[in-house]
Protein chains: 2
Amino acid sequence: MKRDGVSRRRQELLDLSARLFAERGYGATTVRDIADEAGILSGSLYHHFPSKEAMVDEILSTFLDDLFSSYREIMARDLGARQKLEAVVVESFECIDKHHHAVAIFQNEAKHLAQSERFSYLNDRGQEFRALWRQILEEGVRSGAFRPHLDLDLVFRFIRDTVWVAVRWYRPGGPLSAQNVAAQYLDILLDGISSRRGRSRVANGMSPAVKEKQRA
Amino acid sequence: MKRDGVSRRRQELLDLSARLFAERGYGATTVRDIADEAGILSGSLYHHFPSKEAMVDEILSTFLDDLFSSYREIMARDLGARQKLEAVVVESFECIDKHHHAVAIFQNEAKHLAQSERFSYLNDRGQEFRALWRQILEEGVRSGAFRPHLDLDLVFRFIRDTVWVAVRWYRPGGPLSAQNVAAQYLDILLDGISSRRGRSRVANGMSPAVKEKQRA
DNA sequence: GTCTATAAAGGGATAGAC
DNA sequence: GTCTATCCCTTTATAGAC
């Protein structure tokens, strides 16, 4: 009983601060803002958490543990590269739906937080994320599911950023489900927006003005 | 002579603060940080600028004026939808190259800054940006350059976010030119990463597990 | 679990000398 | 164009009463 009561209040405060960190930014949210929102005074927060930093730490690591646990399950399944890609993208959008505030905080603050020792695990997760995606992409190119001659590092960054940046406009409970957005996103990523009759590789089809400017 | 001297120093301070705002975040950068970097004391900054807010305001509006001036030129040219799309994407990556710090600040801070009256022009620019992209996409669907039945609002957000978020990893003067990144990006956006033999619409080709979960 | 009260540090900005 | 000196406010965090 007592433990439930304690952790319930704790979790309430954590959810509430996650919302404020996501909406206003971690740095711009003061412990007084959090306390006001909870209807208590700022000093009382320190009964539950040792510091503001500890709060955002718990928010982020909870989200990341959940995400990577799901990713590892997918990678352990016996799927082709294309199916793995589809599954990971769907899982990512579902995670944006489920951990919306945490994902928003991660997107906005990870780069700065990761510079401090305490949040070095953010860099580790980034490495793990890259390895996972490279594996899927390389396997897909080998098997012929994806086009050859792709710059896989660029494709990786492209996919990573395009998926997660959706947290900026996606709204849980809104008109589009995570699965629907994932499907449309995969549609573009895999097949492009060009019509079949208009379809052509950019290297062949891009306007002369663009081609002239290329150097690399 | 005197005017040049004044504006040169002013511009130095503006460039330097843009770098710090981009690297550390606007809120996390203090006027003392800026002054330290410039080798002067914080009070001296107020000889050049009325406030810290005025500095970031000037950085952002300079960048946006330049960007939209280029966009308007492109839209005034007599191009097909696909060529317009290519030109606008290339121009955007060139702008990331040219105004790297300003774009980074815009990406990280615009959402929060736009809530204050002073930065309401950020919302106006966002509207203008959306109108421009919708025009290109609608024209392309009508002309048959782009696939029919696309959710154009989603495609717009997809393109907007994927282009600008590249500021997080793109480095001016690095191994990839803006034009090269633009070309690869357009390649994926227009034709996808799927190989020709593996190619199929997601609605038909997605794994059953994904289709089952869709609700909308 | 929350409050009162306050410490200690750091924030943006200003006035006037040089 | 910069410095000296400082104001006033807000910040995170703490100690101990209730």
Side-chain angles (χ1 to χ4, degrees), chain A residues 1-60 105 108-109 112-113 115-119, chain B residues 1-60 105 108-109 112-113 115-119:
Chain A
M1 295 298 156
K2 194 189 172 198
R3 282 197 55 190
D4 279 354
V6 169
S7 56
R8 185 162 27 242
R9 182 55 166 157
R10 219 185 112 85
Q11 195 55 47
E12 274 174 21
L13 294 170
L14 218 46
D15 292 345
L16 176 160
S17 61
R19 179 167 57 77
L20 294 183
F21 291 156
E23 282 171 5
R24 311 181 186 179
Y26 170 69
T29 304
T30 71
V31 291
R32 279 172 229 227
D33 291 335
I34 300 171
D36 283 354
E37 200 77 9
I40 58 178
L41 293 185
S42 65
S44 306
L45 280 176
Y46 292 84
H47 173 72
H48 303 276
F49 305 96
S51 68
K52 181 183 158 186
E53 212 178 35
M55 300 182 79
V56 75
D57 192 344
E58 191 166 335
I59 291 164
L60 290 177
I105 297 166
N108 294 330
E109 322 284 353
H112 301 124
L113 290 175
Q115 287 168 13
S116 93
E117 177 63 35
R118 170 168 207 161
F119 294 93
Chain B
M1 293 300 153
K2 194 191 170 194
R3 281 198 54 190
D4 280 355
V6 169
S7 56
R8 185 162 28 243
R9 183 53 167 157
R10 215 184 115 87
Q11 194 56 48
E12 275 176 21
L13 294 170
L14 218 44
D15 291 345
L16 177 159
S17 60
R19 179 167 56 76
L20 295 183
F21 291 155
E23 282 171 6
R24 310 180 187 180
Y26 171 69
T29 304
T30 71
V31 292
R32 287 176 174 88
D33 289 336
I34 300 170
D36 283 355
E37 200 76 10
I40 58 178
L41 293 184
S42 64
S44 306
L45 280 176
Y46 293 84
H47 173 74
H48 302 277
F49 306 96
S51 68
K52 182 183 158 187
E53 212 178 33
M55 300 183 79
V56 74
D57 192 345
E58 190 165 337
I59 291 164
L60 290 177
I105 297 166
N108 294 330
E109 322 283 352
H112 301 125
L113 290 175
Q115 286 166 14
S116 92
E117 178 62 35
R118 169 168 208 160
F119 294 93

Glu58(B)/Arg10(B) ion pair, N-O < 4.0 Å:
yes
In whole angstroms, the gap separating P of dT2(C) from CZ of Phe49(A) amounts to 11 Å
DNA chain D: Ala28(A) or Gly43(A), which has the more 5' nearest nucleotide?
Ala28(A)
Under-4.0 Å side-chain N/O to phosphate OP1/OP2 contact, Arg10(B) with dG1(D):
no
For the pair made of CD in Glu12(A) and C1' in dT2(C), what is the distance, rounded to whole Å?
14 Å
Would you tell me if any nitrogen or oxygen in the side chain of Ser44(B) comes within less than 4.0 Å of OP1 or OP2 on dC3(D)?
yes
Leu20(A) CG to dT11(D) P: how many Å, rounded?
13 Å
Using only side-chain N and O atoms of His47(A), determine if any of them is under 4.0 Å from OP1 or OP2 of dT2(C).
no
Would you say dT14(C) has OP1 or OP2 under 4.0 Å from some side-chain N or O of Tyr46(B)?
no
dT2(D) phosphate, OP1 or OP2: any side-chain N/O from His48(B) under 4.0 angstrom?
yes
Separation of dA13(D) atom P from Lys52(A) atom NZ, nearest Å, is 8 Å
With heavy-atom distances below 4.5 Å as the criterion, would you say the side chains of Arg19(B) and Glu37(B) are in contact?
yes
Got a donor-acceptor contact below 3.5 angstrom from the Thr29(A) side chain to the Arg24(A) backbone?
no
Do Phe119(B) and Glu53(B) have side-chain heavy atoms sitting under 4.5 Å apart?
yes
Atom CG of Leu45(B) and atom P of dT2(D): how far apart are they, to the nearest Å?
9 Å
Rounded distance (Å) that lies between atom C1' of dT4(C) and atom CD1 of Ile40(A):
14 Å
Map Leu13(B) and Ser42(B) onto DNA chain D by nearest heavy atom, then report which one ends up closer to the 5' terminus.
Leu13(B)
d(CE, Met55(A); P, dT12(D)) in whole Å
11 Å
In whole Å, I'd like the distance from the CD atom of Glu53(B) to the C1' atom of dG11(C).
15 Å
Looking only at side-chain N and O atoms, does Arg32(B) come under 4.0 Å of OP1 or OP2 in dA13(C)?
no
Using the side-chain heavy atoms of Arg9(A), tell me which of these nucleotides is nearest: dG1(C), dG12(C), dT11(D).
dG1(C)
Checking Lys52(B) against Tyr46(B): charged group under 6.0 Å from the ring centre and within 45 degrees of the axis?
no
Answer with base, sugar-phosphate or nothing: what part of the nucleic acid does Leu41(A) contact at a heavy-atom distance below 4.0 Å?
base
